[in-house]
Every structure is written in structure tokens, then in C-alpha cells.
Amino acid sequence: MYDAQQVEKKWQKRWSEKGLYTTSLHDQKRPKYYNLVMFPYPSGDKLHVGHWYNYAPADSWGRYMRMKGFNVFEPIGFDSFGLPAENYAIKTGIHPTVSIAQNCAKMEEQLSLIGTMYDWSKKIVTSDPEYYQWTQWVFLQLYKKGLAYRKRAPVNWCPSCQTVLANEQVNDGKCDRCKSEVTKKELTQWFFNIRSYAERLLNFEGLDWPEKTKLMQQHWIGRSEGSTVQFEIFGRSGKKIEVYTTRVDTLFGCTYVVLAPEHPLVGEITEKLFEKDVAEYIESAKRETDINRSAEGRDKTGVETGAYAVNPVNGKRVPIWIADYVLMTYGTGAVMAVPAHDERDFAFAKKYDLPMITVVKPPRDNSVEPPSDDRSIAKGEAFTGDGVLVSSGDYTGLSSELARKKITELLHIDGLADFKVNYKLRDWLVSRQRYWGAPIPMIYCQTCGEVPLSEEQLPVLLPEDVEFRPKGGKSPLAFVDEFMAVKCPTCGGDAQRESDTMDTFVDSSWYFLRYPAARMKDGPFSTELANKWLPVDMYIGGPEHACMHLLYARFINMVMHDLGYIDFEEPFKRLVHQGLVTKDGAKMSKSKGNVVSPDAFVSQYGSDVFRMYLMFMGPFEAGGDWSDLGITGVARFVERFWNLMADREVNPGFNEASSKRNVHKTIKKVTEGIEAFTFNTAIAGLMEFVNEAMKVGVTMEDKKMVTRLIAPLAPHMAEEIWEYLGEKESIFNASYPSFDPAMLIEDSVEIAIQVNGKVRGTVVLATGCTKDEALRLAREQESIKKYLEAPGVSIKKEIYVPNKLVSFVL
RNA sequence: GCCGGGGUGGUGAAAUGGCAGACACGAGAGACUUAAAAUCUCUUACCCGUAAGGGUGUGUGGGUUCGAGUCCCACCCUCGGCACCA
């Protein structure tokens with residue numbers, strides 16, 4: 001009987017006593033392997049099966065790579081700043097420093113039960129000053145490079161969290177964290193200019209990432225190629241409106257121009273008669289939340305300004321409108337409307353009875369040119385595809401693609417147009433009006449203005465004695481006088497600190513650089529160690545970070561590269577996402593009360609069984625719905641494996657050739673399963689091995705081989721068996737077995753015989769049997785004869801796939 | 001609407017274009033036991049048939065091929081992501 005509890009305790013203790021997983025970072029002998037999981041937030045809750053589902057296979061991968069001969073570094077830490085601890089403090093009065101310390105300790109204890117090979121000596125906690133002073137350092141580096149700036153802008157505001165949010169943290173117009181409706185607010189905030197890295201962030205060369213994730217980032221960055229076009233404002237010589245369009249080929253079809261309500265020209269151009277309507281419209285647009293304003297299919301609204309713009313390509317006057325379907329944050333905040341060829345313009349034009357002119361027809365449409373400038377064109381919808389230009393002056397007859405080039409080039413001569421690439425990606429808003437984060441290391445001086453702290457003045461420590469409850473949209477720090485009052489580092493005069501703290505995504509945007517130098521006092525990371533250990537070889541975490549953490553981390557890493565601190569641009573070479581474990585089809589969450597705890601299973605069956613059961617559920621990247629129904633299967637397997645290995649005798653039915661083949665077949669299957677992150681098939685392979693070994697036996701030598709094979713998946717049991725089989729060193733210092741292809745070949749194989757595509761029988765042939773021989777034997781089969789010899793049939797074709805099948809076509 | 005992933009037994013699932021359902025769970029039958037648990041053995045896609053055997057089957061409809069879960073076309077459902085970005 002295998003005693004999992006006793007065995008697992010024993011080995012966890014021994015591993016930690018021996019420091020088996022303390023990676024020697026300066027080792028020159030073995031190639032390095034940086035195996036990283038996204039570090040957890042230390043909530044007070046216990047680990048649930050989702051955590052295990054993520055961490056256990058990730059650890060098995062690390063163990064596998066270690067046995068493959070790599071010097072594996074598998075660090076862990078806590079992403080400990082952020083709202084939950086602060087909200088908890090508001091509710092209970094317990095200081096975040098206290099609750100986070102408790103939670104980290106609790107979490108460490110639970111993580112250790114999994115039996116991972118985390119190198120705890122390199123643990124980092126982002127809310128420790130020894131970490132966050134370097135987060136502040138990162139901020140200063142960006143500031144120095146002009147990549148951190150302060151700007152008054154309409155931002156996302158969560159009224160319940162009382163803080164601003166980055167675009168990435170707003171989902172469906174709701175706060176990612178508390179789900180309340182996000183509103184707009186004009187505030188002066190700190191931004192990181194991630195936009196200037198848009199082009200580089202689109203390049204994924206050399207990255208082994210899921211296609212899906214790369215696509216999501218691409219879409220988020222949203223690159224589009226188009227042109228800017230200048231429309232002169234009629235009667236205001238020299239005043240121009242710049243619009244952005246990807247369809248400059250439809251310029252002749254422009255029947256009006258639309259400005260975003262926030263557009264700076266609005267006040268200037270609006271005619272007296274229209275001022276009241278315009279002012280009212282802008283007011284109502286301001287009140288709209290982003291979600292309402294940006295919902296597609298929403299009824300389009302707008303007002304006329306009374307002003308007119310001149311189409312530079314044909315001198316035609318078109319009215320200027322204001323509508324909130326045009327966004328100030330994209331392009332130039334102004335568009336040329338071509339209702340005949342754009343769905344949004346079409347809907348708007350129809351509502352306000354604006355003219356439509358068809359200027360592009362589908363390439364294969366040979367019909368007569370439609371009448372131009374005809375309000376009554378009875379059209380059901382806009383034609384938005386590329387085609388051939390009509391009613392477009394000199395450009396008539398050109399393809400859309402060519403026309404885009406020609407029109408832009410010609411207008412460019414007079415400075416009226418230019419090619420322009422735009423991105424949907426907006427700058428990263430990093431300030432938060434909350435307490436529990438890294439203070440932004442900036443000072444505002446009455447004489448010098450905005451002054452960055454020098455590196456020697458870091459860390460800016462978070463004051464301890466603070467009223468956490470947010471007040472009036474200001475950070476709690478703003479009310480701590482001792483914190484706020486400071487002397488200006490430049491002139492020595494009275495100054496004030498920045499009271500906002502940083503988005504926690506800033507903390508996690510560089511932590512992978514810190515790990516190898518976790519205890520370092522004189523810098524955020526060591527250039528030497530970073531260049532040696534990074535990029536991260538394997539990064540494992542949830543797909544929900546695709547457009548947040550994973551994008552921010554790439555950006556910050558690129559900035560550090562550009563500043564000359566590190567040699568590599570990309571932080572994560574290979575990325576794998578674990579699938580989601582649901583309960584009754586729903587995501588596990590405390591509020592739904594459907595969180596499954598692993599505790600009962602781990603204490604009944606042990607970590608090894610539970611780890612393997614999670615892996616046996618299906619492919620790692622697929623996830624699945626939780627059910628405990630099958631765990632007994634894995635428990636039985638572990639018992640059988642243990643008994644097989646503990647039995648020192650070779651089985652009575654021992655057959656050397658079959659036994660060897662069994663072992664090598666297993667090595668192949670298990671290795672392929674682990675490599676593909678389909679641990680379920682690896683475990684199935686081991687189960688098959690045991691079933692077969694019960695029949696054909698297994699030698700002492702092969703027992704050791706198979707024990708090494710299972711070690712990454714069931715680390716505790718493997719160590720125990722390894723020791724039992726007489727080995728003194730840890731099994732994780734042993735190498736991973738590889739298979740001999742020659743050992744896989746069987747003497748004979750059973751192949752299928754098909755007649756007209758249907759399997760009608762089988763025949764046992766010698767391996768590698770010739771075609772003639774195979775066909776002859778197949779034809780002789782009783783079950784086949786009757787088909788071949790039926791009256792009126794003859795063989796039209798014979799197919800032989802060696803070791804697979806014979807197929808007759810009659 | 002657009003972009004991805006996925007639809008295979010009662011369940012979790014497996015399958016370089018080559019005998020669909022490996023490996024498990026569950027269920028049924030049997031062995032051991034005074035009995036139960038545990039363990040072991042056998043059966044288990046569906047339909048017809050006592051059997052031998054035959055037929056049907058991987059979301060739907062077509063196609064390519066000697067042969068399709070796998071490739072191609074059209075569609076349905078589902079889960080994620082994006083969504084007035086001009």
C-alpha cells in the first residue's frame with residue numbers, strides 16, 4: 001500500500017533541506033532554462049483547482065527540462081499590490097501590509113503542498129519597498145526617455161473603485177474589477193507612451209506564441225493604412241480640417257464632413273444660428289458613458305454646424321456636421337463621410353437625409369454608370385468593398401487600390417494629403433487614485449514645476465498611517481501631509497509629491513527581469529544575469545492577459561533594451577496558456593460560490609495523484625469542466641504502478657523482447673505527450689505500460705527507466721521508488737530516458753484488408769512484408785475470397801500501405 | 001458584424017489521410033469474502049440477428065480520394081476575443 005501522505009512529506013522536506021531547487025545562476029556547464037509561471041495575486045483565499053491546474057503541469061514541464069539536462073530556474077513571487085487588499089482594509093481596518101504578509105505566508109504553505117521546484121530563495125513581493133523602489137526606477141527611466149508624460153484627458157473613471165482605469169481594464173464599458181459602469185472624466189493623468197512602440201509590438205518574429213494570442217495583440221494594436229486629407233473651411237481662407245481615411249478612393253463620393261464633438265475646431269466654425277443646438281449636443285455627448293457612445297448599431301445622432309468644407313479633389317462644398325460616432329481619440333477626430341461606401345455614414349445620411357453619390361462599383365459590375373449626386377438613389381446598403389471608380393473625374397476607371405495611391409500623391413503636391421498609418425492602441429494610463437500601489441516618484445514645485453526624483457531618492461515609501469477610504473476622487477495619499485510636503489530637489493523650495501500610485505500592471509511589467517537578481521540592492525536587475533537568463537524560455541499563464549500584461553511586459557522590455565540595459569527585445573520566447581477549469585460550465589468565483597478546493601482530494605490521494613488527475617482531464621491548453629468522478633482511475637494507477645515497481649521479482653510471464661518493446665514504446669509516447677503539453681496522453685501511455693507489464697514483466701533496469709519517465713508527473717512517488725530501487729541521488733539529478741527506435745519494431749503486424757473502401761478482414765504479416773506477398777496472403781483470406789470471387793467482378797486496383805493495410809477496388 | 005478555438009459513446013477523452021472510440025470514469029456480469037469495502041477477470045458506440053454475420057455511425061449538406069473525424073466548399077451550434085477605429 002502506497003502511503004502518499006508520508007512519502008510526499010518526506011520528499012518535500014528533503015528537497016528543501018538539500019536546497020535541490022535553488023538554482024545556481026552562474027552555472028556554466030549546463031544550458032540555462034528559465035521556466036516561468038505568471039505570479040499569483042496573494043488573495044486571502046485558498047488555492048483552488050484552477051491554481052493547481054496551472055502550476056502543477058508547469059512544474060512538470062520544468063522537471064522534465066531539468067532531467068533533459070538543463071539548468072532550470074523556476075522562480076515564484078507575489079503580485080501583491082492592488083485593489084483587493086485595499087478594499088479589504090477599508091472593510092476591516094486591517095492594514096494591507098499585514099493582510100498581504102499573512103496571505104503570502106498562507107499561499108506559500110499551500111503552494112509547497114503541490115511539490116513544485118520553485119526557487120524560493122529568489123522570491124519577490126511587488127509591494128515590498130525592496131521591489132517597488134525599482135518599479136519607481138522603471139518609471140523614471142521612461143520619464144527620462146520622454147515616454148512617461150502627464151496630460152489632461154478624458155479618461156475612464158470607475159465610480160465604485162474611485163479611480164481611473166486603463167483602456168485594457170474596461171470591459172463592455174464596465175470596470176474589470178468591480179463590474180460597475182465606467183464613466184468619463186477629465187483628469188490630469190500619467191501615461192506611458194506605448195503608442196510609439198506600436199509598430200515594434202506588431203512584430204512577433206522568433207516568438208513561439210499561440211497564434212490566437214498574437215492575433216489578439218495585433219487587433220488590439222489595430223494598425224491601419226490610409227491617408228490624411230485637408231478640407232478647407234469655406235469662407236475662412238487658410239482654415240483647414242484634416243480628416244483621416246483608409247478609403248481616399250471614395251473621395252469624390254464625400255457629401256459631408258463630420259467632427260467629433262470634442263474637436264477643437266467646433267467652437268470656431270459653428271455658425272451663429274446653429275450654436276445653441278451644437279452646444280446642447282456637446283453637453284449630451286459628454287454625459288454619455290463610453291459604452292453607450294461606442295455601441296455599434298446604436299442610433300446615430302448629430303447636428304449641423306452651418307459651416308461648409310471644400311473637397312480638395314473637386315472643389316465641391318459639403319456641410320460640416322458634428323456627431324459622436326466620430327471619436328476624438330482616433331485618427332484626426334474628423335472624417336469625410338461617404339455614405340454610398342461606408343455603413344456608418346450610410347446610416348447617418350439616411351437618418352438626416354443627406355445625399356449619397358456612388359463612386360465605386362464592384363469590379364465585375366458592367367452596368368451603366370449610376371446617376372451621380374442623386375438623393376433618391378434607392379439603395380438598401382452601402383457598397384464597402386474595393387472596386388472600380390466611377391464618377392470620379394480623371395480617376396474614373398482606376399481600381400480602388402491604384403486610386404488611393406494616385407489621389408493621395410496628387411493632393412500631396414499641394415500639401416493637401418499624405419499617407420498615414422494609424423493605430424487603435426492608445427497610450428497606457430498608469431496613474432491610480434488609490435493607496436495600495438507604488439507611489440509615482442514625481443514632485444511638483446511651485447517654481448520648477450514637474451520634477452522627477454533622482455534614483456538616490458528612491459524608494460518613495462508608502463506612508464503607513466493612512467485613511468484608506470477614497471475621498472473626492474483623490475488618492476488617499478493626498479491627505480497625508482507628512483507624505484505630500486517635500487522640498488524640491490532642484491531649488492530646495494516648497495513642493496508637493498505626486499499623490500497617485502501606479503497601476504499594478506507596471507509592477508508586473510518587469511518582474512521577470514528582477515527574479516535572477518531578486519535580492520540585489522544596487523539595481524533593479526543585473527545586466528549580466530538578465531542577458532544570461534532571459535528571455536524567459538517558457539512562460540505559462542492565462543490567455544486573459546493577452547492584451548494587458550503580455551503587451552505591457554513586451555513594451556517595458558523593449559524600453560529597457562533601448563536604454564541599453566539588456567540585449568534582448570522580447571521577454572518571453574515561448575508562451576503557453578493553460579485552459580480554464582470551470583464548474584458546471586461557469587468560471588469559478590467566490591461570488592458564485594462554485595469554487596472547488598483541492599484540499600480534500602490532496603489529503604485523500606496526495607499531490608501526485610491530484611496533479612496527474614488534473615493533467616489527465618485533457619490537453620493542458622483546453623481546460624475543462626471540473627468533475628471529481630475520474631480521480632479514482634488515477635489513484636488506482638498510482639497504486640498499481642507502485643506495486644509493480646516495489647515487486648523486486650521479474651514477472652513470471654517475463655518475455656524479454658515484449659518487455660523491452662513495452663518500455664521503449666512508453667518512452668516514446670510519454671515524451672511526445674509532455675513535449676506537446678498533452679499530459680493526458682503521456683499518462684495514458686504510462687497506464688498502458690503498467691497493463692502490459694503485468695503480462696510481459698519488467699526488468700530491474702527498465703523499472704528505473706520508467707520511474708525516471710514518470711518523475712516529472714509524479715515527483716514524490718518517483719523519488720520514493722528511485723530510492724527503493726537503490727539509488728542515492730535525487731531522481732531529478734538523473735537524466736530523462738530516450739527511446740531506441742529499433743526497439744519499437746515488432747516481428748509481425750496485423751493489417752486491415754479493405755474491399756471497395758470497407759474493412760472486410762485482417763491478416764497478420766511479417767513486418768515490412770513485400771507488396772506481392774501481402775496481396776497474395778490477403779487474397780487468400782476466407783473473408784476476402786468471397787468478395788473477390790463473386791460473379792461478375794474483377795480487381796481494378798490494388799493498394800498496399802506497408803504495415804497498415806491492403807485495399808482492393810473491384 | 002468581424003477574428004480565433006471547439007462540436008467524436010452514458011462521461012472525460014484518443015486518433016502522421018489508412019481497422020474511429022486508445023487510456024480512464026461509469027455501468028453490467030463474474031471471482032474472492034459469512035458479508036461489505038478493496039482487488040482481480042470479462043462485457044460495454046448504435047441498430048438487426050441466438051450466433052456467424054450484416055448495416056449505421058465523429059454537428060448538417062455537398063465535394064476530393066481506393067480510403068475522410070482528419071483535406072476542400074457551404075451552413076448550423078457553442079465558447080472566447082474585438083466591436084461606430086473612418
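Chain A is the first sequence line, chain B the second, and so forth, proteins listed ahead of strands; every chain is numbered from 1.
Atom-to-atom, CG of A/L215 to P of B/rG4 comes out at 7 Å; the value is rounded to the nearest Å. One can place CG of A/L425 at 14 Å from P of B/rC82, the figure rounded to the nearest angstrom. If you take CD of A/Q218 and C1' of B/rG81, they are 14 Å apart, rounded to a whole angstrom. In this entry the distance linking NZ of A/K668 with P of B/rA22 reads 19 Å, nearest Å. A/K665 has its NZ atom 15 Å from the P atom of B/rA22, to the nearest Å. When the C1' atom of B/rG80 is taken as reference, atom NE2 of A/H545 falls 16 Å away, rounded to whole Å. In this structure, the CZ atom of A/F637 is 19 Å from the C1' atom of B/rA38, given to the nearest Å. Summarising the geometry, the separation between NZ on A/K669 and C1' on B/rU16 is reported as 14 Å, rounded to the nearest angstrom.
Each of A/I751 and A/G333 has a nearest nucleotide on RNA chain B; the 5'-most of these lies closest to A/I751. Along RNA chain B, the nucleotide nearest A/T762 and the nucleotide nearest A/L629 are compared for position; the residue whose nucleotide lies closer to the 5' end is A/T762.
Distance check on atom C1': B/rG49 versus B/rG55 gives 11 Å, rounded to whole Å. Taking atom C1' on both B/rG53 and B/rA22, the two are 26 Å apart, rounded to the nearest angstrom. One P atom belongs to B/rG4, the other to B/rC73, and the distance between them is 13 Å to the nearest Å. Distance noted for atom C1' between B/rU56 and B/rG21: 15 Å (whole Å). For the P atoms, the distance linking B/rG7 with B/rG30 amounts to 39 Å, nearest Å. Taking the C1' atom of each, B/rG59 and B/rG69 are spaced 12 Å apart, rounded to whole Å. For the C1' atoms, the distance from B/rG67 to B/rU16 is 16 Å, rounded to whole Å. If you take atom P in B/rU8 and the same atom in B/rA51, they sit 30 Å apart, rounded to whole Å.
Comment: A/R779 engages A/E798 in a salt bridge, judged by a side-chain N to carboxylate O separation of less than 4.0 angstrom.
At a cut-off of 3.5 angstrom, the base of B/rG18 holds at least one donor-acceptor pair with the side chain of A/Q754. Residue-to-nucleotide contacts include a donor-acceptor pair under 3.5 Å from the side chain of A/K300 to the base of B/rC84. In terms of polar N and O atoms assigned as donor or acceptor, the side chain of A/E750 comes within less than 3.5 Å of the base of B/rC19 in a complementary pairing.
In the set B/rA24, B/rG18, B/rG26, B/rG18 carries the atom at the smallest distance from any side-chain atom of A/L805. Distance from the side chain of A/K797 is smallest to B/rC66 among B/rC66, B/rC19, B/rC23. Among B/rA86, B/rG12, B/rC25, the nucleotide with an atom closest to any side-chain atom of A/T245 is B/rA86. Comparing B/rA24, B/rC25, B/rA86 by their closest approach to the side chain of A/F616 singles out B/rA24. For A/T681, the side-chain atoms get nearest to B/rA15 when compared with the rest of B/rG12, B/rA15, B/rC25.
Base engagement by A/V335 is indicated by at least one non-hydrogen atom pair under 4.0 Å involving a base atom. Across all strands, A/I799 comes closer than 4.0 Å to base atoms (heavy-atom distances). Here A/R640 lies in heavy-atom contact (under 4.0 Å) with sugar-phosphate atoms only. Using a 4.0 Å heavy-atom cutoff across all strands shown, A/S224 reaches sugar-phosphate atoms only and no base atom. Using a 4.0 Å heavy-atom distance criterion, A/N691 is classed as a sugar-phosphate-only contact. Within 4.0 Å (heavy atoms only), A/P543 reaches no atom of the nucleic acid at all. A/S627 comes within 4.0 angstrom of nothing in the nucleic acid, heavy atoms only. At a threshold of 4.0 angstrom between heavy atoms, the contacts of A/Y423 with the nucleic acid are absent. Here A/V801 lies in heavy-atom contact (under 4.0 Å) with a base.
Remark: B/rG18 base-pairs with B/rC66; criterion is Watson-Crick or G-U wobble with both hydrogen-bond distances under 3.5 Å. In this entry B/rU39 has B/rA31 as its Watson-Crick or G-U wobble partner, both defining distances falling under 3.5 Å. Here B/rC75 sits opposite B/rG59 as a Watson-Crick or G-U wobble pair (both hydrogen-bonding atom distances under 3.5 Å). Remark: B/rA51 base-pairs with no nucleotide in the shown strands. Criterion, Watson-Crick or G-U wobble with two distances under 3.5 Å. B/rC25 is paired with B/rG10 under the criterion used here, namely a Watson-Crick or G-U wobble arrangement in which both key atom distances are under 3.5 Å. Searching all strands for a Watson-Crick or G-U wobble partner of B/rG80 with both distances below 3.5 Å returns B/rC3.
For B/rC19, neither phosphate oxygen OP1 nor OP2 lies less than 4.0 angstrom from any side-chain nitrogen or oxygen of A/R760. Close to B/rC25, at under 4.0 Å from its OP1 or OP2, lies a side-chain N or O of A/R636. Side-chain N/O atoms of A/Y787 include one lying less than 4.0 angstrom from OP1 or OP2 on B/rG54. Note on A/Y330: a side-chain N or O is less than 4.0 Å away from OP1 or OP2 of B/rA86. The phosphate of B/rG18 (OP1 or OP2) has no side-chain N or O of A/K758 nearer than 4.0 angstrom. Checking the phosphate oxygens (OP1, OP2) of B/rG5, no side-chain nitrogen or oxygen of A/K212 falls inside 4.0 Å. Here A/N680 reaches the OP1 or OP2 of B/rA14: one of its side-chain N or O atoms lies under 4.0 Å away.
With hydrogens and angles left out, the side-chain atoms of A/D418 and A/T228 include no donor and acceptor closer than 3.5 Å. Remark: the A/S60 side chain and the A/R611 side chain contain an N/O donor-acceptor pair separated by less than 3.5 Å. The closest side-chain donor-acceptor pair between A/S807 and A/Y800, if any, does not fall under 3.5 angstrom. No hydrogens or angles considered: nothing links the side chains of A/R195 and A/Y423 as a donor-acceptor pair under 3.5 Å. A/S224 and A/Y244 form a side-chain donor-acceptor contact under 3.5 Å, judged by distance and modelled atom types alone. A donor-acceptor contact under 3.5 angstrom links the side chains of A/R554 and A/Q217, judged on distance only.
Nearest heavy-atom pair, A/G331 versus A/N422, reported as atom, atom and distance to 0.1 Å: CA-ND2, 3.4 Å.
In textbook terms, a nucleotide whose glycosidic angle is within 90° of 0 is syn, and B/rG9 is one such case.
Residues A/I753 and A/L805 have side chains not in contact (no heavy-atom distance under 4.5 Å, counting atoms from C-beta outward).
With sequence neighbours left out, A/P57 forms a side chain to side chain contact (heavy atoms under 4.5 Å, CB included) with A/M615, A/F620, A/F679.
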